[in-house]
Amino acid sequence: MIGRIALSLLPVLTSVRAAQAPPSASYVDAQNGITFQGITEPTYGVTYGAVFPPLSSSGDQPTEFIAEIVAPISKPWVGIVLGGSMLDNLILVAWPNGNSVVSSARYAPKYALPSMYSGPVITNLPSTGVNATHWNWVFRCQNCTSWTQGGLDVTSSTGQWAWALGGKAPTTPSDPASSFARHADFGFWVQNLANAHASSDAYNAYLSGTVPISSSSSTPTSTSVATTTVASTTSPASTVTASATAYDYIIVGAGPGGIVAADRISEAGKKVLLLERGGPSTGETGGAYTAPWASGTNLTKFDVPGLFESMFSDPDPFYWCTDITVFAGCLLGGGTSINGALYWLPSDSDFSAANGWPASWQNHTAYTNALSTRLPSTDAPSTDGQRYLEQSFDVVKQLLDPQGYSQITINDEPEKKDLVYGYSAYDFIGGKRGGPVATYFQTAKVRPNFTYKDYTLVSSVVRNGSTITGVQTNNTSLGPNGIIPLTPNGRVILAAGSYGTARILFQSGIGPSDMLSLVNSNAAVAETMPPQALWINLPVGLNISDNPSINLVFTHPSIDAYENWADVWTSPRAADAAQYLKDQSGVFASASPRMNFWRSYNGSDGITRSMQGTVRPGAASINTTNTYNASNIFTITAYLSRGITSRGRLGVTASLNALPLVDPWFADPVDKEVLLIALKDIVSDITSVANLTLITPDNHMTIDEYVDAYDPANMDSNHWVGSAKIGTDPSSAVVDSNAKVFNTDNLFISDASIIPALPVGNPHGMIMSVAEQAAAKILALAGGA
Ligand SMILES: Cc1cc2nc3c(=O)[nH]c(=O)nc-3n(C[C@H](O)[C@H](O)[C@H](O)COP(=O)(O)OP(=O)(O)OC[C@H]3O[C@@H](n4cnc5c(N)ncnc54)[C@H](O)[C@@H]3O)c2cc1C
Ligand SMILES: *[C@@H]1O[C@H](CO)[C@@H](O)[C@H](O)[C@H]1NC(C)=O
Ligand SMILES: *[C@@H]1O[C@H](CO)[C@@H](O)[C@H](O)[C@H]1NC(C)=O
Ligand SMILES: *[C@@H]1O[C@H](CO)[C@@H](O)[C@H](O)[C@H]1NC(C)=O
Ligand SMILES: *[C@@H]1O[C@H](CO)[C@@H](O)[C@H](O)[C@H]1NC(C)=O
Ligand SMILES: *[C@@H]1O[C@H](CO)[C@@H](O)[C@H](O)[C@H]1NC(C)=O
Ligand SMILES: *[C@@H]1O[C@H](CO)[C@@H](O)[C@H](O)[C@H]1NC(C)=O
Ligand SMILES: *[C@@H]1O[C@H](CO)[C@@H](O)[C@H](O)[C@H]1NC(C)=O
Ligand SMILES: *[C@@H]1O[C@H](CO)[C@@H](O)[C@H](O)[C@H]1NC(C)=O
Ligand SMILES: *[C@@H]1O[C@H](CO)[C@@H](O)[C@H](O)[C@H]1NC(C)=O
Ligand SMILES: *[C@@H]1O[C@H](CO)[C@@H](O)[C@H](O)[C@H]1NC(C)=O
Ligand SMILES: *[C@@H]1O[C@H](CO)[C@@H](O)[C@H](O)[C@H]1NC(C)=O
Ligand SMILES: *[C@@H]1O[C@H](CO)[C@@H](O)[C@H](O)[C@H]1NC(C)=O
């Protein structure tokens, strides 16, 4: 991926919509008699509550409240965020220290340790303390409803709040300013503010500690509300039988892997249901999220290629999955609705035995041809055929030509991936985002035997031993307890992405035993998970990979950095916006990259690895003390791709947030060694290009020092593969050569997770070729409906 912000990890996330988070309820804390509005989060048993003074009918509204965190003694630190995002919201954090509770107000303008924040006046109330089983932080928070970049509207009926907790004690527990490691888990709830106001008398009594403590306390009734990714299946009301339609094929997830499979399988005459947890994306699919300058058109954020960089700076980024800590798209199209759309037809080596493919997959030609026929690529996406903003191409061409590179039309010669460069190729169509949504999805959706349901979250497959009988959804209107059944001999195909598919497998009792035990400790998951005797032990989440990528930032006087893409959403260059609205031509008809190049290297371990370069105007982050002209910046991102040997592991937390457990980047030092050589080669003849200046790293730092200091999280390319990899042996693979999950009869996977090793370029082209081939093999396999 390529992004305007450097960080690819979303720790406490971006924002969350009401429907996805449990609501608060009123409860009385028996320790202090205070009636709070809040939740007891079921996974960790931590209670979060708050109560406000009454609203004023005239004049100023209250700027304070009383709040509490009641945590089991085992919780090393816990925080409340007074908003739906870690960034730019007041954070109240506490931890036990011996018999006392240490607390502070914090604030985070970026994804890093929140710093101490002054302004709020925090006074602990008497029921704060530590006993044998719990620590309680009960406090008055004055001047706590507004802060640097926002505030809490006490007059609104609800607010999005978040919680986070740590896995390790802070560095210096006695010090309120102590640093602490990144949270181990997090979640959201909807705080009912309308019902969170006490009378003045009650509020004053709470402050003075004179409230009589009644013997009948309560905990918030939302305790029984499962976390966002778990279906609620047990409430009596929901057992009312909903009529359920059975399907031959239920496909989970409408990203590239799921859409291609759904189209091909419905084309073959099967009755297909495609389920997607998110909503519409492009205008054609009913999406309506447009930039102010495009309002009144169907040209949504997801249609306009030139808005790609604004994905990373949106005030309401509802399209990211809030329960995956790396970027993932949760809307129709999955990653292909929010990505840079760099589109490469895979090459033979991408499907080679050396890349981990079984023999029966290595001749991908027919499937890749089927893909390129349905979804052609273009390296001139503007509808007028002109290329725009090409200065960075021209500069980097001067850098590469003396190194023996030559220019090609990249997708005309997919096998040529050594010492070549060309214009960036995309799957845009008619100056708009195209991809699988504009092609495969369109042919599927008009078939009478194809059904699409969005806003439907699948938590697990329902199985009787090795036979899958349906899927568990979160919508009880779709079937009894939300279960949608298969027809006899029907099949389920998971296509929820590398993280989403793994999470569904875990909740279905399929995966390594440590992960299965962890999710089974979540009471809501345990309700629907098969008994331990039926767990299927497979290496789900092991051996994942992602391209390590490193940015080099330059200036050259010829470059137009396009204001670093910062204004494209709110105040674009007027002529460019008008041109695009008129006929989808101009700068806005392309995402930010302008050139791609590849070179092959032999590592000291004898393994050949490829490096991909991606060139674009603008930069994610700059580190230099030298003066430079910000309107002349551009970036070369160097990715190590095919041949990388580093692997990591992904998994979930107990509250079902999915995340990398072991980072893959540079796990093998030879990967680092090769990428370093490649970076040095790129700049080896920089002095031959007049006025070209490397500004990050600058002349105070060597490339080696720069790479040594590079934050691993910033090497994330969002190209995750391998979490359910294909192979011939269940000890090292999750699906067999028919893409069927080992030791099941009728569960298949068609997405990035089965790909055993990264291709030479950005992966979504290959993912669709893989889905074409998976669909063909699944249809050809005897025994299906
Ligand atoms: C910021 C960014 C930029 C990128 N840029 C590029 C690029 O320029 N070129 C390129 O080739 N690749 C790029 N990628 C990578 C590419 O988009 C992904 O590799 C690709 O989308 C993965 O496809 P997939 O089908 O495996 O899964 P996804 O695209 O993740 O699709 C999974 C779908 O399943 C849905 N889902 C998940 N869980 C559930 C559930 N439990 N129930 C129901 N539905 C569910 C999701 O909402 C989603 O729609 C980028 C990725 C990101 C994040
Ligand atoms: C209230 O807090 C803000 C910071 O959020 C601070 O600037 C302001 O001075 C504080 N006001 C008082 C009265 O302390
Ligand atoms: C310890 O604190 C918890 C949380 O307030 C409370 O539920 C529990 O009863 C307390 N235990 C004792 C022995 O007081
Ligand atoms: C499914 O749709 C295809 C294409 O429209 C059609 O050929 C086929 O007969 C249909 N199958 C069923 C079972 O309806
Ligand atoms: C937007 O698309 C919808 C459905 O495709 C269509 O009915 C509508 O007329 C379009 N609106 C505009 C402004 O183009
Ligand atoms: C690969 O398959 C195509 C047809 O799909 C065929 O024409 C070609 O000969 C095959 N190549 C090899 C090496 O088997
Ligand atoms: C589960 O499968 C067994 C045979 O494998 C069968 O006897 C049993 O009836 C099935 N149970 C259900 C609930 O379908
Ligand atoms: C199911 O989950 C999706 C995604 O989180 C959500 O949009 C939808 O509203 C949920 N459905 C129900 C019935 O709760
Ligand atoms: C649940 O499914 C029904 C039937 O498809 C649909 O009408 C309803 O909108 C869905 N609920 C949510 C919250 O998505
Ligand atoms: C890498 O090694 C292979 C064979 O070992 C050789 O053919 C190739 O030319 C080498 N490539 C480079 C870039 O050195
Ligand atoms: C390089 O910069 C110098 C001085 O700023 C200028 O005279 C010269 O034209 C520039 N050369 C190029 C190729 O941009
Ligand atoms: C920025 O560069 C300086 C040296 O020029 C270096 O000491 C520092 O670590 C760099 N910071 C980052 C975040 O890379
Ligand atoms: C993961 O990869 C390593 C080598 O990179 C290998 O030793 C190990 O067996 C693999 N594990 C699985 C489950 O494939």
Side-chain angles (χ1 to χ4, degrees), residues 13 15-23 187-190 222 225-233 235 237-238 242 252-254 275-280 318-324 328-332 334 346-349 351-354 357 359-373 403-405 415-420 453-460 471-479 481-484 496 500 503-504 524 598-611 642-643 656-658 670 674 677-678 681 760 769 772-773 776-777 780:
L13 276 242
S15 86
V16 66
R17 297 242 149 149
Q20 297 176 273
F188 303 93
W189 79 94
V190 179
S222 63
V225 174
T227 51
T228 58
T229 48
V230 180
S232 62
T233 56
S235 77
S238 69
V252 181
L275 296 174
E276 166 57 44
R277 64 182 280 185
F318 62 90
Y319 39 83
W320 300 125
C321 308
T322 51
D323 52 13
I324 300 178
C330 267
L331 75 176
L332 174 55
S347 63
D348 293 343
S349 302
F351 282 97
S352 64
W357 287 95
S360 58
W361 280 71
Q362 289 167 20
N363 187 358
H364 66 104
T365 312
Y367 308 104
T368 297
N369 287 347
L371 169 67
S372 61
T373 305
Q403 298 178 34
Y405 281 78
E415 300 304 325
K416 277 203 185 159
K417 286 291 184 309
D418 191 15
L419 292 168
V420 293
K453 286 204 185 299
D454 60 1
Y455 297 117
T456 306
L457 182 78
V458 170
S459 49
S460 60
V471 298
Q472 175 73 62
T473 76
N474 68 338
N475 187 340
T476 52
S477 304
L478 298 176
N481 293 328
I483 294 172
I484 305 177
R503 176 165 44 198
I504 294 169
W598 282 268
R599 184 164 175 181
S600 182
Y601 288 90
N602 286 341
S604 60
D605 56 4
I607 295 173
T608 303
R609 292 168 177 79
S610 296
M611 179 273 304
R642 189 173 59 219
L656 298 177
N657 291 307
V670 184
V674 174
I677 293 168
D681 278 349
V760 71
S769 172
E772 285 271 10
Q773 190 164 177
K777 288 184 158 55

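Nothing fancy with the numbering, it's 1 onward along the sequence. We count ligands from 1, going down the list as the structure has it; atoms in each ligand are counted the same way.
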(request) Answer yes or no: is there a side-chain heavy-atom contact under 4.5 Å between Arg642 and Ser352? (result) no

(request) Could you tell me whether atom 2 (O) of ligand 10 has at least one protein heavy atom nearer than 4.0 Å? (result) yes

(request) Measure the distance from atom 6 (C) of ligand 10 to every protein heavy atom, then report the residue, atom name and distance (to 0.1 Å) of the closest one. (result) Asn602 ND2, 4.2 Å

(message) Only heavy atoms of Arg277, strictly under 4.0 Å: list the atoms of ligand 8 that pass.
(response) 3 (C), 4 (C)

(message) How far is atom 4 (C) of ligand 6 from the closest protein heavy atom, and which atom is that?
(response) Ala366 CB, 4.6 Å

(message) Does the protein place a non-hydrogen atom closer than 4.0 angstrom to atom 9 (O) of ligand 10?
(response) no

(request) Apply side-chain contact (heavy atoms from CB on, under 4.5 Å) to the pair Asn474 and Ser459, showing each step before the final yes or no. (result) CA-CA 8 Å; Asn474 68 338; Ser459 49; over 6 Å; no

(request) Kindly assign one of parallel, tilted or perpendicular to the pair His364 and Phe351, based on the angle between their ring planes and the thresholds 30° and 60°. (result) parallel

(message) List ligand 10 atoms under 4.0 Å from Ser600, heavy atoms only on the residue side.
(response) 13 (C)

(message) Under 3.5 Å between any N/O of Asn363 and any N/O of ligand 6: does that happen in this structure?
(response) yes

(message) Could you check whether any side-chain N or O of Glu276 sits under 3.5 Å from a backbone N or O of Ala254, counting only pairs where one atom can act as donor and the other as acceptor?
(response) yes

(request) Enumerate the atoms of ligand 8 whose separation from the nearest heavy atom of Leu457 is less than 4.0 angstrom. (result) 2 (O)

(request) Please determine, by modelled atom types, if Ser477 and Asn475 share a side-chain donor-acceptor pair under 3.5 angstrom. (result) yes

(message) Measuring only between side-chain heavy atoms, which start at C-beta, is Ser347 closer than 4.5 Å to Val760?
(response) yes

(message) Tell me every residue that passes side chain to side chain contact (heavy atoms under 4.5 Å, CB included) with Ser460, counting only those two or more places apart in sequence or in another chain.
(response) Gln472, Gln507, Ser508, Thr528

(request) Could you tell me whether Thr456 and ligand 8 have an N or O pair separated by under 3.5 Å? (result) no

